[in-house]
Structures are given as structure tokens and as C-alpha cells.
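Okay, so here's the structure we're looking at.
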Protein chains: 2
Amino acid sequence: MTTGRPPSTTHDQIASVALDLFARRGFEATTVEEIAAAVGVGRRTIFHYFPSKNDMVWGNFDWVLDRLRTHLEESDEETSLIDAVRRAALLSNRYPAEQLPELRIRMTLITSVPALQAHSMLRYAAWRQVIAEFAAERLGVAPNEIAPQTIAHAALGASTAGFTRWVEHPEEDLDGCLETAYRLLAEGFATPAGDQG
Amino acid sequence: MTTGRPPSTTHDQIASVALDLFARRGFEATTVEEIAAAVGVGRRTIFHYFPSKNDMVWGNFDWVLDRLRTHLEESDEETSLIDAVRRAALLSNRYPAEQLPELRIRMTLITSVPALQAHSMLRYAAWRQVIAEFAAERLGVAPNEIAPQTIAHAALGASTAGFTRWVEHPEEDLDGCLETAYRLLAEGFATPAGDQG
DNA sequence: GGTCATTTTACACTCAGTGCGATAACGTTA
DNA sequence: TAACGTTATCGCACTGAGTGTAAAATGACC
């Protein structure tokens with residue numbers, strides 16, 4: 001692939017510039033035209049790299065899905081379904097410390113901007129699909145059956161609740177927030193009134 | 001309310017006309033201008049009744065929320081949290097038979113059109129809030145704590161999985177689909193029939 | 001008829017997203 | 001050097017959702 005006009009920007013560069021503008025001026029207040037200008041490229045080019053403005057806030061989400069899948073596959077056959085899911089969810093959300101600030105900015109936007117909250121539904125459908133496929137294999141049914149689907153939805157709920165907690169409480173760590181949420185799930189909400197991590 | 005110009009249409013009429021057009025021509029292919037023309041009203045008037053095209057697909061969702069809240073409040077103090085939530089979710093989704101076809105059309109749109117899938121996130125936030133407030137009172141913590149939030153997210157996941165199942169399997173009944181999903185939740189995904197019913 | 005309250009509506013606008021076609025920038029080949 | 005193929009960029013024109021505003025319509029009441 002050495003022929004043709006060389007690209008004048010990259011996926012990552014646009015995402016980085018956009019995230020910066022979103023964080024400083026707000027998501028809605030930032031137009032695609034402004035992002036294009038900041039990158040030094042035409043507006044039309046932006047849409048060549050991203051299908052929508054919403055998609056710019058997700059980093060490399062496919063990479064997260066890959067990690068999730070990998071961790072699920074390496075799970076012990078004797079581990080219970082919920083424990084396997086919990087473990088994979090936690091491990092796939094381990095980040096080097098230097099990436100956490102950017103992750104926090106992204107998740108803050110996603111959990112607070114209505115347009116992004118809504119759009120997250122579409123992104124998380126892929127996440128649920130990974131869980132559903134794993135659960136389906138464990139249970140010996142099709143991924144679109146109600147059991148795998150419910151497990152996938154509930155697991156996503158736990159992850160979402162954990163992430164939201166982390167976004168709103170910068171002093172706590174992400175792993176702990178997710179751990180707490182998944183524990184509640186595993187216990188069927190049979191939580192003693194005193195304990196609420 | 002006897003003074004001023006009388007309204008030339010109603011919330012319900014617009015919703016009904018819109019739903020019909022969506023079902024026949026598709027959601028994306030139907031423009032707001034077409035809906036306005038079908039109702040016999042200006043385009044601008046439509047946006048006086050609905051904040052967005054997406055919102056037209058939901059019927060009286062506030063009414064569902066009220067029913068959910070009512071059923072939660074009337075729950076026995078001795079009933080476990082998850083059982084109270086399950087019972088309220090099931091009861092608030094009982095519809096007279098003649099309303100089911102329209103409900104199915106709505107839910108089919110919501111679960112299949114990407115823009116509506118995304119938008120549902122915003123509507124369901126209110127649903128989760130009702131659950132979270134109930135769970136919070138039961139647990140003696142604030143509604144935005146992780147336990148009520150996780151429970152709310154997971155319950156929504158069960159409802160969503162149940163509804164999706166019902167949409168894709170017209171021969172099954174809604175109550176049964178929801179029941180199955182909530183049972184999985186209550187048992188912490190433990191497949192064998194467990195202790196807690 | 002005149003006033004008041006409320007709804008409807010036209011107009012003009014912003015912005016996201018799309019389709020299309022022209023053009024720019026590169027490597028290769030003659 | 002010049003022509004050519006390839007790919008990216010970009011401008012232009014368009015659709016369609018949603019908004020702000022101010023005017024006009026409509027009915028009730030005096």
C-alpha cells in the first residue's frame with residue numbers, strides 16, 4: 001500500500017483533537033466544522049474517518065471487545081458463569097495508569113451527554129453480544145435465547161453502574177467499582193442492609 | 001381551560017398517525033413533514049407536541065412509570081428486594097389484549113431501528129430511576145449509590161431481554177418472557193433451580 | 001366590536017450527515 | 001520529463017431534524 005495520495009490525518013489524531021474540544025467547550029457546542037478546522041482538514045474528510053460525531057468519543061472499542069473475548073475464553077470450565085463473566089469484565093477494563101485520565105474524560109462525556117448516552121446503546125450491543133455468545137456456549141443454547149441475552153444485559157448493567165460510580169467518584173478505583181457491582185449481581189441482590197460498597 | 005385558541009390535534013392523534021406511518025413505510029423513511037401532512041397540521045406544530053421524532057414511538061410512558069412506582073410501593077416489606085422488583089415489573093406490564101398489537105409494533109420499532117434503540121436509553125433512565133429509588137429506600141442508602149444503581153440497571157436488562165424475546169416470538173406471552181428473564185436474575189444466573197424462588 | 005389567552009404556523013436558521021464529482025498528491029512507468 | 005493509476009481530500013449542493021421568533025388564527029368573554 002504505497003501508492004496514491006498519502007492521508008493528511010489519522011483516526012487517532014481526529015479523535016484526540018475532538019475529545020479535547022469536547023472536554024473544553026462541551027460536546028453539543030462543538031461543531032464538526034470546528035473539529036475539522038482544528039485538525040486542519042476539510043469537514044467532509046472528518047466523515048471519511050468517523051461515521052458520526054458521536055463515534056469520536058469512543059477510543060479503540062474493538063480492542064476492549066477483543067480483550068473481553070480473550071478473557072472469557074481463557075476462563076476455567078469449573079468457574080461459574082457469573083464469575084467467569086465478572087472476571088473477564090474486570091480484566092478487560094484494566095488500564096495502565098497513564099490512560100486513565102483520558103478514559104475518565106471519555107466516560108464522563110458518555111455518561112453525561114444525552115446524545116452520547118443514547119449512542120452508547122449501539123456500541124454496547126456489540127459488548128453484550130460477546131457475553132451472550134459465551135453464555136450461550138456455557139448453557140448449550142443459542143446466543144439469542146433469553147438466558148444468554150438476560151445475562152448479557154445484566155452484566156452490561158453491572159459494568160455501566162460500576163463505570164458511572166467511578167466517573168462520579170474520582171477517588172475510588174475502577175476495578176473496585178466494577179467488583180462491587182458484579183458482586184451484587186452474583187448474589188441476586190441479596191445484600192445485607194449494612195453492606196453497600 | 002376555556003380560553004384561547006383550541007388545539008387542532010392531540011398528542012395521541014399525532015402518535016397514532018406517526019406509528020401507522022412508521023409501521024408501513026419505515027421509521028427513517030418517514031419525514032416529520034409527512035407526519036404533519038397526514039395529521040393535517042404544520043410541521044412546526046408537531047414539535048410543539050413532541051420534542052423529537054423518536055419520542056413519538058413511546059406511548060404514554062409516564063403512565064407505565066406510575067404503575068411501576070405504585071406496584072413497588074404496595075409491595076410487602078417481607079418480600080425480598082428482587083422479588084418486589086420482579087413483581088412490580090411484571091404487573092406494570094400487564095395490558096388488555098386489545099392494546100397488545102400496538103405495543104408489539106412499538107416495541108418492534110424500538111428494538112429494531114438503531115435511532116430508536118439509542119433513544120430508548122434516555123427513556124429507560126427514568127424507569128431505572130424509579131427502581132433505584134425503591135431499592136435505595138429498602139437498603140437505606142441514597143438512590144445514586146452503586147447498589148440501587150446496579151439493581152436498577154440489571155432489572156432493566158431483564159425487562160429488555162424479556163421484551164426482545166416477546167417481540168421476536170409472537171407466540172409466547174409477554175408475562176412469561178419477563179418472568180423467565182427475572183428468574184434468571186434472581187438466581188444469580190445459577191441454572192439449576194435454586195433456593196430462593 | 002374589542003380584548004385576552006392560547007395555539008398554530010410561516011420563515012429563516014443551524015447543524016449533522018450524504019452523494020457526487022473534481023482535484024490534489026503520491027508512486028510508478030515510459 | 002510526462003503521462004498514468006491510485007488514493008485521499010475537498011467543495012458543493014442537498015436532505016432532514018430541530019429551534020427561535022414573531023405574526024396570525026381562533027375562540028371565550030365583556
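Naming: A, B, ... by sequence-line order, numbering from 1 per chain.
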Q | A:Thr45 side chain near D:dC10 phosphate (N/O to OP1/OP2, under 4.0 Å) | A | yes

(Q) In whole Å, I'd like the distance from the CD1 atom of B:Ile14 to the C1' atom of C:dT8. (A) 11 Å

Q: Report yes or no: is the cationic atom of A:Arg67 (NZ for Lys, CZ for Arg) closer than 6.0 Å to the six-membered ring centre of A:Tyr95, at no more than 45° off its axis?
A: yes

Q: Please determine, for the side chain of A:Phe47, which listed nucleotide (C:dT8, D:dA17, C:dT18) has the closest atom?
A: C:dT18

(Q) Is there a side-chain contact between B:Ser8 and the phosphate of C:dT8, meaning an N or O under 4.0 Å from OP1 or OP2? (A) yes

Q. Looking at D:dG16, does its base get a donor-acceptor pair with the side chain of B:Arg43 below 3.5 Å?
A. no

Q. Counting just side-chain N and O atoms, does B:Tyr49 come under 4.0 Å of either OP1 or OP2 of C:dT7?
A. no

Q. Within this structure, what is the CD-to-C1' distance between B:Glu33 and C:dA10, rounded to whole angstrom?
A. 12 Å

Q) Is B:Ile14 reachable from B:Leu116 through a run of hydrophobic residues whose side-chain heavy atoms are each under 4.5 Å from the next? A) yes

(Q) I'd like to know if the side chain of A:Tyr182 pairs up with that of A:Ser159 as donor and acceptor (distance under 3.5 Å, no hydrogens or angles considered). (A) yes

(Q) Taking the nucleotide of DNA chain D with the nearest heavy atom to each, does B:Phe50 or A:Gly4 sit closer to the 5' end? (A) A:Gly4

Q: For B:His11 and C:dT7, give me the distance from atom NE2 to atom P, rounded to whole Å.
A: 13 Å

Q. Can you check salt bridge (Lys or Arg N to Asp or Glu O under 4.0 Å) on B:Arg106 and B:Glu102, steps first, answer last?
A. CA-CA 6 Å; B:Arg106 278 208 211 97; B:Glu102 191 181 287; 2.5 Å; yes

Q.
Quick check on DNA chain D: between A:Arg5 and B:Arg5, whose nearest nucleotide comes earlier from the 5' end?
A. A:Arg5

Q.
From the set D:dT9, D:dT7, C:dT8, return the single nucleotide nearest to any side-chain atom of B:Pro7.
A. C:dT8

Q | Gap between atoms NZ and C1', on A:Lys53 and D:dA17 respectively (whole Å) | A | 14 Å

**Q.** Option among B:Trp58, B:Tyr124, B:Phe61 that satisfies the ring-ring contact (aromatic ring centres under 6.0 Å, His included) test with B:His119
**A.** B:Trp58

Q. Taking atom C1' of C:dC15 as reference, at what distance in whole Å does atom CZ of A:Phe27 sit?
A. 12 Å

Q) Would you say the side chain of A:Arg44 and the base of C:dG19 hold a donor-acceptor pair, judged only by whether the two atoms sit under 3.5 Å apart? A) yes

**Q.** Whole-Å gap separating P (D:dG16) and CD1 (B:Ile35)
**A.** 12 Å

Q. What integer distance in Å separates A:Asp55:CG from C:dT18:P?
A. 10 Å

Q) In whole angstrom, what separates A:Met56's CE from C:dG17's C1'? A) 11 Å

